[in-house]
Each structure stands twice: as C-alpha cells, then as structure tokens.
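Only one structure is covered here, and it is reproduced in the block below.
If you're wondering where the values come from, they're calculated on a predicted model, not measured in any experiment. All heavy atoms count here, side chains included; hydrogens, waters and symmetry mates do not.
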Amino acid sequence: MASSAPTTRLTGLAKRLVSDGLIDETAANEAQIAAKKKKMTLSAFLVEEKKLNSRAIAIAASEEFGMPLFDLSAIELDTVPKDLVDEKLIRQHQALPIQKRGNRLFIAVADPMNLIGLDEIKFNTGIPTEAVLTEVDKLNTLIEDALSAADTSMEDMAGLDEDLENLDVAAEEEDTNDDAASGVDDTPVVRFVNKVLLDAINKGASDIHLEPYEKYYRVRFRIDGVLREVAKPPINMAARLTARVKVMSRLDISERRVPQDGRIKLKVSKKRAIDFRVNTCPTLFGEKVVLRILDPSSAMLGIDVLGYEEKQKKAYLRALANPYGMILVTGPTGSGKTVSLYTGLNILNKEDTNISTAEDPAEINLPGINQVNVNPKAGLDFASALRAFLRQDPDVIMVGEIRDLETANIAIKAAQTGHLVLSTLHTNDAPQTLSRLLNMGVAPFNIASAVSLIIAQRLARRLCEHCKAIDEIPKSTLVQEGFAESEADSLKIYKAVGCDKCSDGYKGRVGIYQVMPLSESIGRIIMEDGNAMQIADQAKKEGIEDLRDSALSKVRAGVTSLAEANRVTKD
C-alpha cells in the first residue's frame with residue numbers, strides 16, 4: 001500500500017547523509033520537509049530532534065561540498081572579531097566571523113548552502129569572505145557566548161575603573177553623613193559591588209546574599225535554586241559594602257536597626273537592563289543584604305520554553321483566552337509563579353486590553369500594564385487596590401497573592417462579573433488550592449463558578465547536555481519510584497555528572513506543572529464540601545498529571561535526573 005506522506009527530491013546534504021548510511025531515505029525526506037516548515041536548516045533540525053549528532057553531519061557536509069571542517073573548540077572567545085559583522089546578520093544567518101587574516105574574513109557556518117548569507121556579510125563588511133564548516137551546536141553556543149560577551153563581558157569591564165563606576169544605575173544621591181558612608185565612593189568597594197552584580201547576571205543567579213559574620217564575610221549566589229559561595233571579602237569591608245548597596249538602592253544608610261526595602265536598575269548594555277529588589281536585615285554582626293535579580297526578559301521568553309507539556313500549555317492558553325474567570329498559580333516561594341503569571345500577562349498585553357496588577361512588590365516591569373505596589377502602612381492593601389481597579393474599566397486583573405477572605409471575595413466577584421483575574425496562593429498542589437479557599441471562608445458555589453484553572457508548579461534543575469550520562473537504576477527501583485513495569489526495561493534515565501559548562505551537572509531550570517481546569521465533576525465535589533483527596537482522585541480520572549507524574553515525564557525525556565525529580569516533588 002502506497003504511503004500518503006508527502007515526499008520531496010533529496011538534494012545536497014540530505015542525499016549525502018542517505019548515501020553514507022547515516023539516515024534512511026524516508027527519515028531524510030521527512031526531516032527535509034519538517035526543517036523547511038520550521039524554517040530551520042536541515043543540520044539544525046536533525047541535531048535538535050536528536051536524529052544525528054552534529055559531528056557526523058558536519059563531516060558528511062564537508063565531504064559533500066568540499067569545504068574545510070573547522071573545530072570551534074580551538075577558538076578563544078576574546079579573539080573572535082564579532083564587531084566586524086552586524087549582530088542582526090550573525091543571528092539571521094547563524095554565521096560567525098572567527099578570524100581575519102590579511103584581507104580575508106573567515107566565517108564559520110553550519111549550513112554549506114547559505115551562500116546568500118555569506119554574500120550579505122561580504123557586502124556589509126566590504127571584506128572578501130571565506131566559509132569554513134563547523135558543527136551546528138558548537139556554532140550556536142559560540143554565537144550566543146560571543147554576542148552576550150559583547151554586552152556584559154566581565155573581562156572587559158573589570159579592567160576599566162571608569163566603566164565599572166559609571167554603569168547606568170537608576171539611583172538618587174542620598175544624605176551620606178554617616179561614618180559608614182566614607183567608603184561609599186571608595187573605588188575598590190565600588191568595583192567589587194559592580195563586579196558581584198555583573199557576575200551574578202552572567203552566571204544566571206536568581207539571588208545575591210551578602211552576609212556578615214563574627215570573623216568573616218561571604219557572598220553567595222543562588223544558581224538554579226541552590227546557594228553557592230562565590231567570594232569572601234575582608235570582614236573590615238562589610239560596612240562599606242552594605243553602604244554602597246544601600247546608596248545604589250536609595251535606602252537610608254544611617255538606619256541599621258530595622259529592615260529596609262529598595263530597588264536598583266542596572267543598565268548593562270544599550271538593549272538590556274536588569275532590576276534588583278534589595279532587602280536589608282539587621283543581624284548579630286551587621287546588616288545582611290539580599291538582592292533578588294529580576295530580569296524583565298524572563299517574561300518575554302514565551303510559554304514554549306517554560307516546560308509545559310503540550311496538553312498543559314493548551315489548557316493555560318484556553319483559560320487566558322476566556323474573557324472572564326480566575327486563574328490561580330500555586331507553589332512555594334521561588335517556584336517560578338511570577339514568571340508563569342507574567343508570561344500569561346504578556347500574551348494578553350495588547351492595545352485593546354486594560355491590565356492592572358497589585359503586587360508586593362512588582363517584580364517585573366512590563367510596558368502597557370498598570371502596576372501598583374501595595375503599601376499596607378498607607379492603607380493600600382490588595383483588597384483596596386482591587387476595589388480601585390474595578391472602578392477603572394479593567395479587562396484583566398492580577399493580584400500578587402490572595403492572603404485573606406476579603407481579597408478572595410473581591411477577586412472572585414471580579415471573575416464572576418466579566419473580568420479575567422490571575423493570582424497566586426501558597427499551597428502544595430492544585431486540589432489543595434481549592435481546599436484553602438474553602439478554609440478561608442469562600443462559599444463553595446463562588447469557587448466552582450469563578451475558578452477556571454489552577455496551575456501548581458515547581459522548578460527542577462535541567463541536566464547539562466554536555467555531560468549527562470545514563471544512570472543504571474534497577475527495574476524494581478524504577479517501578480517503586482512510579483514508572484510503569486512495561487517501560488522500566490527500556491527506559492533511559494540520565495544522571496548529573498559535571499563539567500566546565502555547568503554547575504554540578506545541571507544548567508538552567510525547567511518547570512514541573514500540574515495544570516487542572518475546573519471541570520463540572522470537580523465543581524460538583526466542591527459544592528458537596530468534598531476534600532482535596534476527592535478532588536485529586538477526580539483530577540486523576542480526568543487524565544490530569546499531578547506534580548509527580550509531570551516530574552517523571554521530564555525524567556523520561558532526559559531533561560532532568562530522577563534525583564532532582566525526587567528533590568522537588570517527593571515528600
């Protein structure tokens with residue numbers, strides 16, 4: 001029986017890969033069509049889908065097109081002449097200049113057929129170009145490293161006192177008549193603080209801890225959810241370091257007896273600014289300072305990179321498309337709730353939509369959204385902010401957290417009267433969120449009619465793609481951990497190893513989600529005063545993955561390790 005799948009004539013690289021026996025003709029045909037649909041090169045598609053390794057593809061392409069094969073690991077990042085070619089062209093054509101020899105510019109490419117790109121670069125630079133072939137994944141990594149280094153290179157900035165001192169920091173001059181302020185303008189202190197901030201950004205840290213103790217002072221970064229010590233400055237610098245951060249964040253440097261909150265905006269390049277939320281707290285041996293790094297670009301990444309399974313993503317997008325109802329995101333502090341909410345707000349942020357948020361405090365600034373910081377001391381709490389929003393013709397309302405019955409009731413009434421409401425609670429999973437609302441005193445009917453979707457989430461560390469290795473785990477253990485017996489024999493589980501490109505075998509984080517739409521059956525359980533266990537059982541019957549199932553899915557896919565899945569989801 002003839003196949004109905006579309007076919008296309010194999011050409012160039014695809015034909016060579018088939019003739020070399022690296023891939024069969026059907027798979028090559030399918031890959032060629034899929035790559036074209038995704039607007040990707042064939043080599044990039046095959047590597048992304050893990051059909052072939054990049055080295056084998058590069059060797060075949062080199063032989064087919066007669067182009068020299070170049071190993072990018074021999075290139076030093078600071079020798080790359082990236083400034084010769086416009087960043088837009090480098091990204092558009094995935095072509096990076098790696099060396100200028102005489103009057104000729106050598107360009108690393110992974111697609112040997114990208115003649116248009118080479119011509120554009122030649123026209124743009126006015127320099128004759130020569131292409132060398134390289135592995136697609138190594139090229140992509142080097143391009144990102146080179147371009148990000150152009151923006152925020154610590155090596156460049158640390159060598160220039162003027163650049164470090166004149167980083168564009170949004171702060172006002174404060175009255176510095178305290179003795180501790182004498183060190184605020186001390187160049188070593190200024191340079192050290194700026195270096196810490198930039199290092200934290202470059203390493204992908206989420207928090208910076210500056211901690212004074214009796215006999216030493218330490219600086220720690222939270223990277224991928226785990227704290228790591230990065231520096232131990234002299235203890236006699238403690239007061240001056242604290243004073244410097246307090247001046248940058250517009251705090252009172254003469255006040256050391258009570259906690260203070262502030263904010264720093266650090267412009268690290270023409271296109272990128274990072275916010276730091278600053279808190280000081282008096283301890284036995286001085287003030288501890290914690291800076292939360294708030295990168296507005298994290299809300300612009302899009303829903304596809306957050307780690308939602310396809311079914312979960314569709315459920316979230318459906319709920320966002322509703323003109324009314326309530327979406328609740330739940331999980332512990334640091335589980336990524338804010339990014340999930342702001343990703344949704346960014347999808348909704350259009351010219352015809354009025355969006356208002358009440359937060360404590362606003363962590364990510366998004367143009368087009370009216371953001372309010374609650375201030376209970378001044379009488380502006382979540383409930384009063386919500387009342388004000390409802391008099392301002394809102395379409396979408398986001399409440400930082402539902403903490404009490406008054407806020408819950410106003411938010412639910414807003415969801416029932418034609419507004420889309422987004423908020424958070426601190427509960428362990430989605431079913432417990434409904435029980436929490438009931439325990440607050442919210443009427444069952446109001447919960448069932450207003451809440452449309454609940455997302456419970458955690459953040460797990462991603463395995464490093466460069467060094468992860470297969471973990472030999474007995475079948476009985478896999479079954480005990482929650483995998484089906486039928487899959488345990490053929491399952492490939494990966495473990496963390498560790499290399500110079502990651503931190504203890506992990507690099508970055510991925511979301512683990514339980515996405516639970518409120519069905520009629522679940523609504524009926526709520527109306528009948530059912531408990532969280534009954535709701536969880538019904539959700540299971542409806543095919544909704546709980547957090548544990550979702551974590552095991554990431555383990556199956558090789559995204560994270562079983563040890564990490566246990567760390568974030570197992571009691």
Side-chain angles (χ1 to χ4, degrees), residues 152-171 173-174 176-268 274-295 500 503-504:
T152 59
S153 170
M154 273 303 304
E155 290 77 14
D156 292 343
M157 300 185 90
L160 299 170
D161 284 353
E162 314 88 70
D163 284 352
L164 276 172
E165 290 186 37
N166 295 319
L167 278 174
D168 191 356
V169 178
E173 290 297 321
E174 297 289 330
T176 57
N177 55 6
D178 188 84
D179 288 342
S182 60
V184 166
D185 293 322
D186 187 2
T187 297
V189 172
V190 170
R191 294 188 67 243
F192 180 81
V193 171
N194 286 338
K195 185 178 188 307
V196 166
L197 299 184
L198 287 169
D199 268 348
I201 294 167
N202 290 335
K203 290 180 180 179
S206 60
D207 301 87
I208 305 168
H209 292 241
L210 308 175
E211 302 170 314
Y213 295 94
E214 185 178 11
K215 295 182 179 177
Y216 68 95
Y217 189 89
R218 72 175 175 184
V219 180
R220 291 192 293 174
F221 293 166
R222 188 177 292 279
I223 300 172
D224 296 337
V226 178
L227 277 170
R228 303 178 186 284
E229 185 178 296
V230 294
K232 271 192 175 180
I235 185 65
N236 59 11
M237 285 180 66
R240 287 181 290 167
L241 290 172
T242 301
R244 171 61 183 165
V245 175
K246 288 169 83 170
V247 167
M248 292 172 75
S249 48
R250 306 158 109 175
L251 300 178
D252 181 358
I253 67 169
S254 65
E255 179 57 80
R256 304 175 190 164
R257 299 163 299 172
V258 296
Q260 295 186 67
D261 291 298
R263 202 177 186 104
I264 299 170
K265 182 182 280 291
L266 188 70
K267 191 170 183 183
V268 292
I274 305 291
D275 286 341
F276 295 82
R277 193 179 77 199
V278 184
N279 177 265
T280 67
C281 184
T283 66
L284 284 177
F285 303 105
E287 289 177 281
K288 174 174 177 175
V289 182
V290 176
L291 300 93
R292 167 67 59 89
I293 301 172
L294 310 169
D295 189 351
D500 58 357
S503 180
D504 295 336

With sequence neighbours left out, write down each residue that passes side chain to side chain donor-acceptor pair (under 3.5 Å) with R292, or none if nothing qualifies.
D207

Here the ring-ring contact (aromatic ring centres under 6.0 Å, His included) pairs for residues 189-215, sequence neighbours left out, are Y213-Y216

Would you give the length of the straight line joining atom CZ of R256 to atom OG1 of T242, rounded to the nearest 0.5 angstrom?
9.0 Å

All ring-ring contact (aromatic ring centres under 6.0 Å, His included) counterparts of F285, not counting sequence neighbours
none

Sequence neighbours excluded, the answer for salt bridge (charged side-chain N to carboxylate O under 4.0 Å, His left out) partners of D261 is none

Has E211 got a side-chain atom pairing as donor or acceptor with R220's backbone, closer than 3.5 angstrom?
no

Not counting sequence neighbours, which residues clear side chain to side chain donor-acceptor pair (under 3.5 Å) with E255? List them please.
R257

Return the minimal non-hydrogen interatomic distance between K288 and T283, and the atom names on each side.
CB-CG2, 3.9 Å

May I ask you to test the L291-V196 pair for a side-chain heavy-atom distance under 4.5 Å?
no

Could you measure the distance from the CG atom of L241 to the CD1 atom of I235? Nearest 0.5 Å is fine.
9.5 Å

At their closest point, which heavy atom of V193 faces which heavy atom of V245, and how far apart are they?
CG1-CG2, 4.1 Å

Listed by chain and number, what are the side chain to side chain donor-acceptor pair (under 3.5 Å) partners of D224, not counting sequence neighbours?
none

Please report the shortest heavy-atom distance between Y217 and P233, naming the atom on each side.
CD2-CG, 3.3 Å

Kindly write out the residues that satisfy side chain to side chain donor-acceptor pair (under 3.5 Å) with S206, not counting sequence neighbours, or none if the list is empty.
none

Nearest heavy-atom pair of P259 and P282: which atoms, and what distance?
N-CD, 3.8 Å

Where do V189 and M237 come nearest, in terms of heavy atoms and distance?
CG2-CE, 4.1 Å

Determine, stepwise, if the pair R244 / V289 fulfils side chain to side chain contact (heavy atoms under 4.5 Å, CB included).
CA-CA 11 Å; R244 171 61 183 165; V289 182; over 6 Å; no

I need the N202 CG to F221 CZ distance, nearest 0.5 Å.
9.5 Å

Pairwise distance CD(E287) to CG(L251) - rounded to 0.5 angstrom
9.0 Å

Considering all heavy atoms, the nearest K203-I223 contact
O-CG2, 3.9 Å

